[in-house]
Amino acid sequence: MSKPTPDVYEQGKGMDAHNQAMREIRSRKEASYDPHEPTRVWLDEDNTPDGVKTSLTIILNTGGCRWARAGGCTMCGYVAESVDGGSVSHEALMDQIDVCLAHEAENADDPAALIKIYTSGSFLDEREVSAESRRAIADTFADRDRMVVESLPDFVDREKIADFTQHGLDTDVAIGLETATDRVRHDCVNKYFDFADFEAACAEAAAADEDAGTDTAAGIKAYLLLKPPFLTESEAVDDMISSIERCAAVEGCHTVSMNPCNVQRYTMVDDLYFEDGYRPPWLWSVAHVLAETADTDAIVVSDPVGHGSDRGPHNCQECDDLVQKAIKDFDLRQDPTVFEQVSCDCELTWETVIERERSFNQPLTR
Ligand code: SF4
Ligand SMILES: [Zn+2]
(Lines give C-alpha, C1' and ligand atoms only; values in the text may rest on other atoms or scores of the structure.)
(Ligands and ions follow the chains in the order given, each with its own letter.)
Protein backbone atom coordinates (compact mmCIF):
# COMPACT_ATOMS: atom_id res chain seq x y z
CA MET A 1 0.00 0.00 0.00
CA SER A 2 1.42 3.40 -0.93
CA LYS A 3 2.04 6.14 1.60
CA PRO A 4 2.34 9.88 1.00
CA THR A 5 5.64 11.24 2.35
CA PRO A 6 5.45 11.68 6.14
CA ASP A 7 5.59 15.48 5.98
CA VAL A 8 2.45 15.62 3.91
CA TYR A 9 -0.15 17.02 6.19
CA GLU A 10 -3.12 15.37 4.59
CA GLN A 11 -1.75 11.91 5.29
CA GLY A 12 -4.55 9.48 5.87
CA LYS A 13 -7.21 11.69 4.33
CA GLY A 14 -6.72 10.80 0.66
CA MET A 15 -7.19 7.57 -1.17
CA ASP A 16 -4.01 5.62 -1.54
CA ALA A 17 -4.70 4.22 -4.98
CA HIS A 18 -5.54 7.56 -6.60
CA ASN A 19 -2.61 9.25 -4.89
CA GLN A 20 -0.18 6.59 -5.97
CA ALA A 21 -1.34 6.87 -9.59
CA MET A 22 -1.23 10.66 -9.51
CA ARG A 23 2.27 10.73 -8.01
CA GLU A 24 3.50 8.45 -10.77
CA ILE A 25 1.86 10.64 -13.44
CA ARG A 26 3.21 13.88 -12.00
CA SER A 27 6.72 12.44 -11.66
CA ARG A 28 6.89 12.39 -15.48
CA LYS A 29 7.11 16.16 -15.62
CA GLU A 30 10.23 18.16 -15.23
CA ALA A 31 9.81 21.85 -14.75
CA SER A 32 11.10 24.53 -12.48
CA TYR A 33 10.17 28.18 -12.39
CA ASP A 34 11.60 31.44 -11.15
CA PRO A 35 10.22 32.24 -7.66
CA HIS A 36 10.44 35.98 -8.46
CA GLU A 37 7.98 35.72 -11.38
CA PRO A 38 4.24 35.07 -11.02
CA THR A 39 2.98 31.97 -12.81
CA ARG A 40 0.58 34.15 -14.85
CA VAL A 41 -1.09 37.55 -14.75
CA TRP A 42 -3.84 39.04 -16.94
CA LEU A 43 -6.49 41.75 -17.14
CA ASP A 44 -10.19 41.02 -17.76
CA GLU A 45 -13.64 41.93 -16.49
CA ASP A 46 -15.78 40.03 -14.02
CA ASN A 47 -19.31 39.88 -12.70
CA THR A 48 -19.35 40.54 -8.93
CA PRO A 49 -22.19 41.09 -6.45
CA ASP A 50 -21.65 44.83 -7.17
CA GLY A 51 -21.86 44.51 -10.93
CA VAL A 52 -19.27 44.10 -13.67
CA LYS A 53 -15.75 45.24 -12.71
CA THR A 54 -12.34 45.41 -14.35
CA SER A 55 -10.12 42.72 -12.89
CA LEU A 56 -6.47 41.84 -12.49
CA THR A 57 -5.95 38.10 -12.08
CA ILE A 58 -2.70 36.94 -10.52
CA ILE A 59 -1.50 33.36 -10.28
CA LEU A 60 1.17 33.55 -7.61
CA ASN A 61 3.93 31.04 -7.61
CA THR A 62 3.97 29.83 -4.02
CA GLY A 63 5.63 26.46 -4.28
CA GLY A 64 2.51 24.64 -5.31
CA CYS A 65 -0.15 22.68 -3.59
CA ARG A 66 0.75 20.27 -0.79
CA TRP A 67 -2.11 18.04 -1.74
CA ALA A 68 -0.71 17.79 -5.27
CA ARG A 69 2.60 16.63 -3.83
CA ALA A 70 0.77 13.81 -2.05
CA GLY A 71 -0.87 12.83 -5.35
CA GLY A 72 -3.63 15.35 -5.67
CA CYS A 73 -6.68 15.92 -7.82
CA THR A 74 -7.24 13.80 -10.90
CA MET A 75 -7.70 16.72 -13.31
CA CYS A 76 -5.16 19.23 -11.96
CA GLY A 77 -1.85 19.78 -13.68
CA TYR A 78 -0.98 23.04 -11.96
CA VAL A 79 1.74 21.44 -9.88
CA ALA A 80 3.82 21.30 -13.04
CA GLU A 81 4.07 25.07 -12.75
CA SER A 82 5.26 25.34 -9.19
CA VAL A 83 8.66 26.02 -7.66
CA ASP A 84 11.00 23.13 -6.93
CA GLY A 85 11.65 22.70 -3.24
CA GLY A 86 8.23 23.95 -2.27
CA SER A 87 8.47 27.31 -0.56
CA VAL A 88 8.82 30.90 -1.68
CA SER A 89 10.20 33.69 0.51
CA HIS A 90 8.35 36.85 1.47
CA GLU A 91 10.71 38.94 -0.68
CA ALA A 92 10.21 36.72 -3.73
CA LEU A 93 6.41 36.84 -3.32
CA MET A 94 6.49 40.63 -3.14
CA ASP A 95 8.67 40.67 -6.29
CA GLN A 96 5.93 38.67 -8.00
CA ILE A 97 3.35 41.26 -6.92
CA ASP A 98 5.57 44.03 -8.33
CA VAL A 99 5.74 42.23 -11.68
CA CYS A 100 1.90 42.09 -11.68
CA LEU A 101 1.55 45.79 -10.85
CA ALA A 102 3.98 46.65 -13.67
CA HIS A 103 1.94 44.48 -16.07
CA GLU A 104 -1.23 46.32 -15.04
CA ALA A 105 0.38 49.78 -15.33
CA GLU A 106 1.55 48.91 -18.81
CA ASN A 107 -1.71 47.46 -20.12
CA ALA A 108 -4.57 49.31 -18.40
CA ASP A 109 -5.57 52.96 -18.18
CA ASP A 110 -6.79 52.67 -14.60
CA PRO A 111 -6.05 50.31 -11.73
CA ALA A 112 -8.43 47.33 -11.77
CA ALA A 113 -11.27 47.44 -9.24
CA LEU A 114 -11.08 43.72 -8.58
CA ILE A 115 -7.91 41.79 -7.69
CA LYS A 116 -8.00 37.99 -7.87
CA ILE A 117 -5.14 35.96 -6.44
CA TYR A 118 -4.78 32.25 -7.07
CA THR A 119 -1.84 30.14 -5.96
CA SER A 120 -2.50 26.65 -7.33
CA GLY A 121 -2.96 25.88 -3.66
CA SER A 122 -4.17 27.93 -0.70
CA PHE A 123 -3.40 31.61 -0.31
CA LEU A 124 -4.66 31.37 3.28
CA ASP A 125 -2.34 28.45 4.18
CA GLU A 126 0.45 30.15 6.10
CA ARG A 127 2.95 27.53 4.99
CA GLU A 128 2.38 28.82 1.45
CA VAL A 129 1.85 32.53 2.07
CA SER A 130 3.01 33.75 5.48
CA ALA A 131 0.89 36.09 7.60
CA GLU A 132 3.50 38.79 6.86
CA SER A 133 3.11 38.36 3.08
CA ARG A 134 -0.67 38.15 3.34
CA ARG A 135 -0.85 41.44 5.23
CA ALA A 136 1.64 43.16 2.91
CA ILE A 137 -0.41 42.07 -0.10
CA ALA A 138 -3.60 43.35 1.58
CA ASP A 139 -1.84 46.71 2.15
CA THR A 140 -0.69 46.84 -1.47
CA PHE A 141 -4.24 46.52 -2.78
CA ALA A 142 -5.98 48.51 0.00
CA ASP A 143 -7.19 51.14 -2.48
CA ARG A 144 -9.06 48.65 -4.71
CA ASP A 145 -12.74 47.68 -4.32
CA ARG A 146 -12.64 43.95 -4.04
CA MET A 147 -10.28 40.99 -3.54
CA VAL A 148 -10.65 37.34 -4.34
CA VAL A 149 -8.17 34.89 -2.81
CA GLU A 150 -8.10 31.16 -3.37
CA SER A 151 -8.02 28.66 -0.52
CA LEU A 152 -8.97 25.16 0.50
CA PRO A 153 -11.71 25.35 3.15
CA ASP A 154 -9.48 24.22 6.04
CA PHE A 155 -7.57 27.49 6.06
CA VAL A 156 -10.49 29.92 5.93
CA ASP A 157 -11.00 31.89 9.12
CA ARG A 158 -12.50 35.21 10.00
CA GLU A 159 -9.24 36.79 11.25
CA LYS A 160 -7.39 36.10 8.00
CA ILE A 161 -10.29 37.56 6.01
CA ALA A 162 -10.21 40.60 8.32
CA ASP A 163 -6.68 41.40 7.06
CA PHE A 164 -8.45 42.50 3.87
CA THR A 165 -11.82 43.74 5.08
CA GLN A 166 -10.14 46.09 7.59
CA HIS A 167 -9.03 48.14 4.56
CA GLY A 168 -12.65 48.33 3.40
CA LEU A 169 -11.98 45.74 0.70
CA ASP A 170 -14.91 43.49 -0.11
CA THR A 171 -13.35 40.05 0.12
CA ASP A 172 -14.23 36.72 -1.40
CA VAL A 173 -12.54 33.44 -0.79
CA ALA A 174 -12.55 31.17 -3.82
CA ILE A 175 -12.89 27.52 -2.84
CA GLY A 176 -12.35 24.67 -5.29
CA LEU A 177 -15.27 22.63 -4.00
CA GLU A 178 -15.70 20.91 -7.41
CA THR A 179 -19.01 19.27 -6.45
CA ALA A 180 -21.39 19.27 -3.50
CA THR A 181 -21.48 15.45 -3.60
CA ASP A 182 -18.86 13.99 -1.25
CA ARG A 183 -18.66 10.70 -3.09
CA VAL A 184 -17.92 12.36 -6.44
CA ARG A 185 -15.38 14.74 -4.81
CA HIS A 186 -13.58 11.87 -3.13
CA ASP A 187 -13.75 9.17 -5.78
CA CYS A 188 -13.70 11.08 -9.08
CA VAL A 189 -11.71 14.18 -8.17
CA ASN A 190 -9.58 12.71 -5.35
CA LYS A 191 -10.12 15.78 -3.17
CA TYR A 192 -10.09 14.97 0.51
CA PHE A 193 -12.45 17.44 2.18
CA ASP A 194 -16.21 17.21 2.69
CA PHE A 195 -19.14 19.48 1.89
CA ALA A 196 -19.40 20.05 5.65
CA ASP A 197 -15.91 21.67 5.56
CA PHE A 198 -17.12 23.97 2.81
CA GLU A 199 -20.15 24.89 4.90
CA ALA A 200 -17.84 25.64 7.85
CA ALA A 201 -15.70 27.92 5.65
CA CYS A 202 -18.87 29.71 4.48
CA ALA A 203 -19.82 30.23 8.12
CA GLU A 204 -16.37 31.82 8.78
CA ALA A 205 -16.86 34.13 5.80
CA ALA A 206 -20.36 35.03 7.00
CA ALA A 207 -18.89 35.87 10.44
CA ALA A 208 -16.15 37.99 8.81
CA ASP A 209 -18.88 39.72 6.83
CA GLU A 210 -20.74 40.54 10.00
CA ASP A 211 -17.56 41.77 11.78
CA ALA A 212 -16.68 43.98 8.80
CA GLY A 213 -19.77 46.17 9.24
CA THR A 214 -22.28 47.34 6.70
CA ASP A 215 -19.95 48.95 4.13
CA THR A 216 -17.67 45.98 3.58
CA ALA A 217 -18.62 42.46 2.56
CA ALA A 218 -17.00 39.05 2.82
CA GLY A 219 -18.18 35.86 1.19
CA ILE A 220 -17.36 32.64 -0.61
CA LYS A 221 -17.10 31.96 -4.31
CA ALA A 222 -17.45 28.23 -4.98
CA TYR A 223 -15.61 26.71 -7.95
CA LEU A 224 -17.27 23.62 -9.33
CA LEU A 225 -15.87 21.17 -11.86
CA LEU A 226 -18.19 20.16 -14.69
CA LYS A 227 -17.54 16.54 -15.66
CA PRO A 228 -14.84 15.04 -13.49
CA PRO A 229 -13.54 11.74 -14.87
CA PHE A 230 -15.65 8.57 -14.52
CA LEU A 231 -19.00 10.39 -14.87
CA THR A 232 -21.12 10.28 -18.02
CA GLU A 233 -22.24 13.53 -19.61
CA SER A 234 -25.71 13.26 -18.06
CA GLU A 235 -24.40 12.27 -14.60
CA ALA A 236 -22.06 15.27 -14.76
CA VAL A 237 -24.88 17.62 -15.74
CA ASP A 238 -27.22 16.33 -13.01
CA ASP A 239 -24.49 16.52 -10.38
CA MET A 240 -23.63 20.08 -11.41
CA ILE A 241 -27.23 21.29 -11.24
CA SER A 242 -27.74 19.84 -7.76
CA SER A 243 -24.31 21.13 -6.62
CA ILE A 244 -25.14 24.67 -7.73
CA GLU A 245 -28.46 24.50 -5.91
CA ARG A 246 -26.83 23.21 -2.70
CA CYS A 247 -24.07 25.87 -2.79
CA ALA A 248 -26.52 28.69 -3.42
CA ALA A 249 -28.47 27.58 -0.34
CA VAL A 250 -25.47 27.99 1.99
CA GLU A 251 -25.26 31.34 3.77
CA GLY A 252 -22.05 33.16 2.88
CA CYS A 253 -21.77 31.63 -0.62
CA HIS A 254 -22.88 34.25 -3.15
CA THR A 255 -21.22 33.11 -6.41
CA VAL A 256 -20.69 29.80 -8.12
CA SER A 257 -18.17 29.47 -10.92
CA MET A 258 -18.63 26.36 -13.03
CA ASN A 259 -15.41 25.21 -14.64
CA PRO A 260 -15.83 22.71 -17.44
CA CYS A 261 -13.01 20.18 -17.10
CA ASN A 262 -10.20 20.45 -19.62
CA VAL A 263 -7.50 17.88 -20.20
CA GLN A 264 -4.29 19.09 -18.55
CA ARG A 265 -0.95 17.37 -19.02
CA TYR A 266 0.39 15.07 -16.33
CA THR A 267 -3.00 14.21 -14.87
CA MET A 268 -5.15 11.11 -14.57
CA VAL A 269 -7.68 12.78 -16.89
CA ASP A 270 -4.90 13.07 -19.48
CA ASP A 271 -4.11 9.35 -19.21
CA LEU A 272 -7.80 8.49 -19.59
CA TYR A 273 -8.16 10.86 -22.52
CA PHE A 274 -5.16 9.29 -24.22
CA GLU A 275 -6.79 5.85 -23.88
CA ASP A 276 -10.13 7.14 -25.26
CA GLY A 277 -11.69 7.01 -21.81
CA TYR A 278 -12.52 10.68 -21.35
CA ARG A 279 -14.19 13.42 -23.36
CA PRO A 280 -14.36 16.98 -21.95
CA PRO A 281 -17.92 18.26 -21.47
CA TRP A 282 -20.03 19.62 -24.30
CA LEU A 283 -20.53 23.39 -24.35
CA TRP A 284 -24.23 22.53 -24.72
CA SER A 285 -24.00 21.01 -21.24
CA VAL A 286 -22.56 24.26 -19.89
CA ALA A 287 -25.36 26.25 -21.53
CA HIS A 288 -27.99 23.81 -20.27
CA VAL A 289 -26.76 23.98 -16.66
CA LEU A 290 -26.60 27.80 -16.73
CA ALA A 291 -30.14 28.03 -18.11
CA GLU A 292 -31.48 25.49 -15.59
CA THR A 293 -29.93 27.26 -12.59
CA ALA A 294 -30.51 30.87 -13.68
CA ASP A 295 -33.07 31.50 -10.95
CA THR A 296 -31.04 30.13 -8.01
CA ASP A 297 -30.11 32.59 -5.30
CA ALA A 298 -26.47 33.07 -6.39
CA ILE A 299 -24.55 34.46 -9.32
CA VAL A 300 -23.64 31.52 -11.54
CA VAL A 301 -20.89 32.03 -14.12
CA SER A 302 -18.69 29.90 -16.33
CA ASP A 303 -15.60 30.71 -18.35
CA PRO A 304 -14.74 27.59 -20.32
CA VAL A 305 -10.97 27.34 -20.79
CA GLY A 306 -9.72 25.91 -24.07
CA HIS A 307 -13.21 25.92 -25.59
CA GLY A 308 -13.51 24.38 -29.02
CA SER A 309 -10.34 22.32 -28.73
CA ASP A 310 -10.22 18.55 -28.37
CA ARG A 311 -8.77 18.85 -24.87
CA GLY A 312 -11.21 21.56 -23.81
CA PRO A 313 -15.01 21.72 -23.55
CA HIS A 314 -16.35 21.54 -27.09
CA ASN A 315 -19.27 20.88 -29.41
CA CYS A 316 -18.78 20.22 -33.13
CA GLN A 317 -16.20 22.93 -33.93
CA GLU A 318 -18.73 24.79 -36.12
CA CYS A 319 -20.66 26.28 -33.23
CA ASP A 320 -18.06 26.38 -30.42
CA ASP A 321 -17.26 30.09 -30.71
CA LEU A 322 -20.92 31.01 -30.89
CA VAL A 323 -21.90 29.02 -27.80
CA GLN A 324 -18.85 30.28 -25.92
CA LYS A 325 -19.91 33.83 -26.73
CA ALA A 326 -23.42 33.15 -25.40
CA ILE A 327 -21.89 31.76 -22.18
CA LYS A 328 -19.76 34.88 -21.73
CA ASP A 329 -22.86 37.02 -22.36
CA PHE A 330 -24.74 35.05 -19.74
CA ASP A 331 -21.89 35.58 -17.23
CA LEU A 332 -22.30 39.34 -17.44
CA ARG A 333 -26.10 39.57 -17.73
CA GLN A 334 -27.41 36.38 -16.06
CA ASP A 335 -30.10 36.20 -18.75
CA PRO A 336 -30.82 32.64 -19.95
CA THR A 337 -32.53 33.83 -23.16
CA VAL A 338 -29.02 34.32 -24.66
CA PHE A 339 -29.03 30.56 -25.24
CA GLU A 340 -32.22 30.67 -27.29
CA GLN A 341 -30.32 32.57 -29.96
CA VAL A 342 -27.79 29.82 -30.63
CA SER A 343 -28.46 26.52 -32.32
CA CYS A 344 -26.57 23.93 -34.33
CA ASP A 345 -27.18 20.48 -35.82
CA CYS A 346 -24.83 18.97 -33.22
CA GLU A 347 -27.38 19.67 -30.49
CA LEU A 348 -29.07 16.45 -31.57
CA THR A 349 -25.82 14.52 -31.03
CA TRP A 350 -25.46 16.08 -27.58
CA GLU A 351 -29.05 15.14 -26.72
CA THR A 352 -28.35 11.58 -27.84
CA VAL A 353 -25.22 11.44 -25.69
CA ILE A 354 -27.15 12.72 -22.70
CA GLU A 355 -29.78 10.07 -23.25
CA ARG A 356 -27.65 7.07 -24.18
CA GLU A 357 -24.18 7.39 -22.70
CA ARG A 358 -23.62 4.99 -19.81
CA SER A 359 -20.53 4.65 -17.66
CA PHE A 360 -19.60 1.39 -19.39
CA ASN A 361 -19.71 2.85 -22.92
CA GLN A 362 -18.41 6.37 -22.37
CA PRO A 363 -17.32 8.48 -24.03
CA LEU A 364 -19.93 7.91 -26.74
CA THR A 365 -18.40 10.57 -29.02
CA ARG A 366 -15.22 12.62 -29.25
S1 SF4 B 1 -7.03 21.21 -7.80
FE2 SF4 B 1 -6.23 22.47 -6.10
S3 SF4 B 1 -6.15 21.02 -4.35
FE4 SF4 B 1 -6.28 19.78 -6.19
S5 SF4 B 1 -4.15 19.28 -6.72
FE6 SF4 B 1 -4.77 21.11 -7.90
S7 SF4 B 1 -4.10 22.88 -6.71
FE8 SF4 B 1 -4.11 21.07 -5.34
ZN1 LIG C 1 -22.34 22.43 -33.37
Side-chain angles (χ1 to χ4, degrees), residues 4 8-10 13-15 18-19 21-23 25-26 29 39-40 59-83 86 117-125 127-129 149-156 173-179 185-186 188-194 197-198 201 222-225 228-229 257 259 261-262 264-270 281-288 305 307-308 313-327 339 342-353 365-366:
V8 171
Y9 73 114
E10 292 87 1
K13 288 187 184 169
M15 285 146 294
H18 274 16
N19 278 337
M22 283 302 299
R23 283 205 303 281
I25 292 165
R26 284 187 209 279
K29 60 97 187 159
T39 301
R40 267 196 289 283
I59 305 199
L60 275 186
N61 196 344
T62 63
C65 167
R66 283 158 199 274
W67 182 233
R69 268 178 264 151
C73 306
T74 52
M75 74 307 182
C76 171
Y78 287 154
V79 73
E81 295 174 341
S82 61
V83 172
I117 304 184
Y118 302 91
T119 68
S120 311
S122 290
F123 183 86
L124 299 179
D125 177 356
R127 287 165 296 187
E128 256 186 74
V129 178
V149 296
E150 177 185 28
S151 182
L152 289 164
D154 326 27
F155 306 108
V156 179
V173 182
I175 296 181
L177 175 68
E178 317 304 358
T179 163
R185 189 177 328 92
H186 296 162
C188 300
V189 184
N190 196 38
K191 216 167 227 192
Y192 61 86
F193 63 82
D194 291 337
D197 300 315
F198 171 79
Y223 281 71
L224 302 180
L225 179 74
S257 177
N259 298 316
C261 190
N262 61 70
Q264 299 179 8
R265 298 295 309 279
Y266 308 112
T267 61
M268 189 180 283
V269 168
D270 190 31
W282 288 73
L283 289 168
W284 291 127
S285 294
V286 179
H288 175 72
V305 171
H307 80 276
H314 62 275
N315 289 344
C316 70
Q317 292 197 333
E318 296 284 305
C319 64
D320 289 324
D321 284 345
L322 218 60
V323 180
Q324 173 86 355
K325 192 164 167 294
I327 292 166
F339 299 120
V342 285
S343 66
C344 180
D345 291 348
C346 74
E347 251 178 303
L348 184 62
T349 315
W350 170 74
E351 280 163 15
T352 310
V353 167
T365 64
R366 291 213 62 140

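One-based numbering along the sequence shown. Numbering of ligands and ligand atoms starts at 1, following listing order.
- With sequence neighbours excluded, the residues forming a ring-ring contact (aromatic ring centres under 6.0 Å, His included) with H288 are W350, listed by chain and number.
- Side-chain contact, Y192 with D154: a donor N or O sits under 3.5 Å from an acceptor N or O.
- If you count the protein N, O or S atoms nearer to the Zn ion (ligand 2) than 2.8 Å, you get 4.
- Paired with L225 under the rule side-chain contact (heavy atoms from CB on, under 4.5 Å), one option of L177, T179, V189 passes, and it is V189.
- Within ligand 1, counting atoms from 1 as listed, the ones closer than 4.0 Å to a heavy atom of K191 are 1 (S), 3 (S), 4 (Fe).
- Look at C76 and atom 4 (Fe) of ligand 1: no N/O/S atom of the residue is under 2.8 Å from the metal.
- Note that the CG atom of D320 and the NZ atom of K325 stand 15.0 Å from one another [nearest 0.5 Å].
- Judged as a side chain to side chain donor-acceptor pair (under 3.5 Å), and not counting sequence neighbours, T74 has no contacts.
- For the residue pair D321/H307, the side-chain donor-acceptor check at 3.5 Å is satisfied.
- Annotation: salt bridge (Lys or Arg N to Asp or Glu O under 4.0 Å) contacts of D270 (sequence neighbours excluded): R265, R311.
- Looking at S151, A70, C73, G121, it is C73 that brings a heavy atom closest to atom 5 (S) of ligand 1.
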